[in-house]
Amino acid sequence: MIQIHDLWKKFGRHEALRGLSFTVPKGSTYALIGANGAGKTTTIKVLMNILEPTRGRATVLGVDSRRISPRELNRIGYVSENQDMPERLTVGQYLDYLRPFYRRWDRDLEAGIRRKLRLPPERRIGDLSHGMRMKMALACALPFRPELLILDEPFSGLDPLVREEFMEELLQQAGEMTVLISSHELGEIDGVATHVAFLDDGKLMFEESMSDLTGRFREVHITTEREARPPGRLPAHWLDVKTMGNVLMFIETRFSDDAFGEHVSTLVSGVRRIDTQPMALRSIFTTLARAAREGARL
Ligand code: ATP
């Protein structure tokens with residue numbers, strides 16, 4: 001649904017995107033994760049033909065992003081925090097205005113979404129709260145049943161209840177479409193994303209399926225017979241290595257059930273016990289972000 005190849009974007013001398021390449025498979029919910037300034041919004045703006053790439057290319061639904069036209073926009077839903085909407089129109093007036101632009105606008109679906117998200121039709125868009133505004137953007141993007149839905153940081157600044165409502169509505173339709181969703185944090189897209197790409201300073205650090213990612217991260221505690229000492233040559237895939245008494249602690253980023261015990265025994269002497277714990281997505285994200293800053297390979 002989306003293919004990005006060696007994408008660069010410069011603003012003056014600042015390189016916001018530096019050789020980005022990734023592919024969003026059909027039917028996936030693909031999360032683009034990165035800290036502030038990593039380049040998420042810039043990537044999405046290139047995909048939507050709001051910005052032109054400096055070098056490289058992106059194709060969306062098989063069309064070069066520079067040639068995205070109303071034909072493609074009929075198939076792409078776009079929700080962003082800073083979306084332009086006519087402030088003076090009411091919720092109902094704006095939906096009336098949008099409807100004729102789309103070939104497949106489903107009025108029943110629109111009414112259902114408006115009801116569930118509790119968007120008052122007579123309220124002026126300019127008077128909506130931040131959370132309601134995001135819900136309004138979603139209510140404009142879903143009724144035409146887009147094949148591709150692009151969400152730029154939809155959860156930032158939403159309170160937990162609104163976030164839940166937003167998410168529920170999204171999940172209702174997620175199966176029918178491909179979704180690209182950008183976020184500051186892995187934890188935010190827990191239970192939604194099937195794939196994740198991690199962006200740092202305009203570069204892609206990795207992309208993989210969510211199940212592979214959660215499968216390879218473990219918090220490890222190794223109890224040794226004497227005072228614990230880290231191995232002389234630390235494997236690059238061990239992060240945050242610490243010792244406390246006779247316990248060696250670290251984060252394994254290439255965990256595999258089969259070979260782990262054996263691998264540890266070749267590196268650490270006097271092993272009495274090995275404990276491994278799966279990690280919460282939030283902790284995986286913090287580990288990744290820190291490792292990326294320190295230039296570690298992930
Ligand atoms: P955030 O999570 O804070 O929204 P982001 O990952 O979406 O961040 P971008 O908005 O894509 O990041 O910005 C990437 C970099 O490009 C930042 O350093 C930003 O300052 C810079 N940048 C973005 N737009 C412009 C612009 N129009 N002119 C100059 N620099 C820009």
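Both ligands and their constituent atoms are indexed starting at 1 by order of listing.
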Open item on the list: If hydrophobic residues (ILVMFWY) are linked whenever their side-chain heavy atoms come closer than 4.5 Å, directly or via other members, who joins V247 in its cluster?
Closed with: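 M244, M249, listed by chain and number.
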
- [ ] Write out the protein residues near ligand 1, meaning a non-hydrogen atom under 4.0 Å from one of its atoms, in order of chain and number.
- [x] F11, H14, A16, A35, N36, G37, A38, G39, K40, T41, T42, E153, H184

Open item on the list: What I'd like to find out is whether the side chain of R254 reaches to under 4.5 Å of the side chain of E252, using heavy atoms alone.
Closed with: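 Heavy-atom side-chain distance check passes, below 4.5 Å.
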
Task: side-chain contact (heavy atoms from CB on, under 4.5 Å) partners of V271, counting only residues at least two apart - done: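 Here the qualifying residues are I222, V264, V268, I274.
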
Task: side-chain contact (heavy atoms from CB on, under 4.5 Å) partners of A197, counting only residues at least two apart - done: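 Residues passing side-chain contact (heavy atoms from CB on, under 4.5 Å) with A197: Y30, L32, L204, E207.
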
- [ ] In plain terms, say whether R133 and E87 are close enough for a salt bridge, that is, a side-chain N and a carboxylate O under 4.0 Å apart.
- [x]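 Salt bridge: yes.
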
TODO: State plainly whether the residues K116 and E168 are in salt-bridge range, i.e. N to O under 4.0 Å.
DONE: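 A salt bridge is absent here (no side-chain N lies under 4.0 Å from a carboxylate O).
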
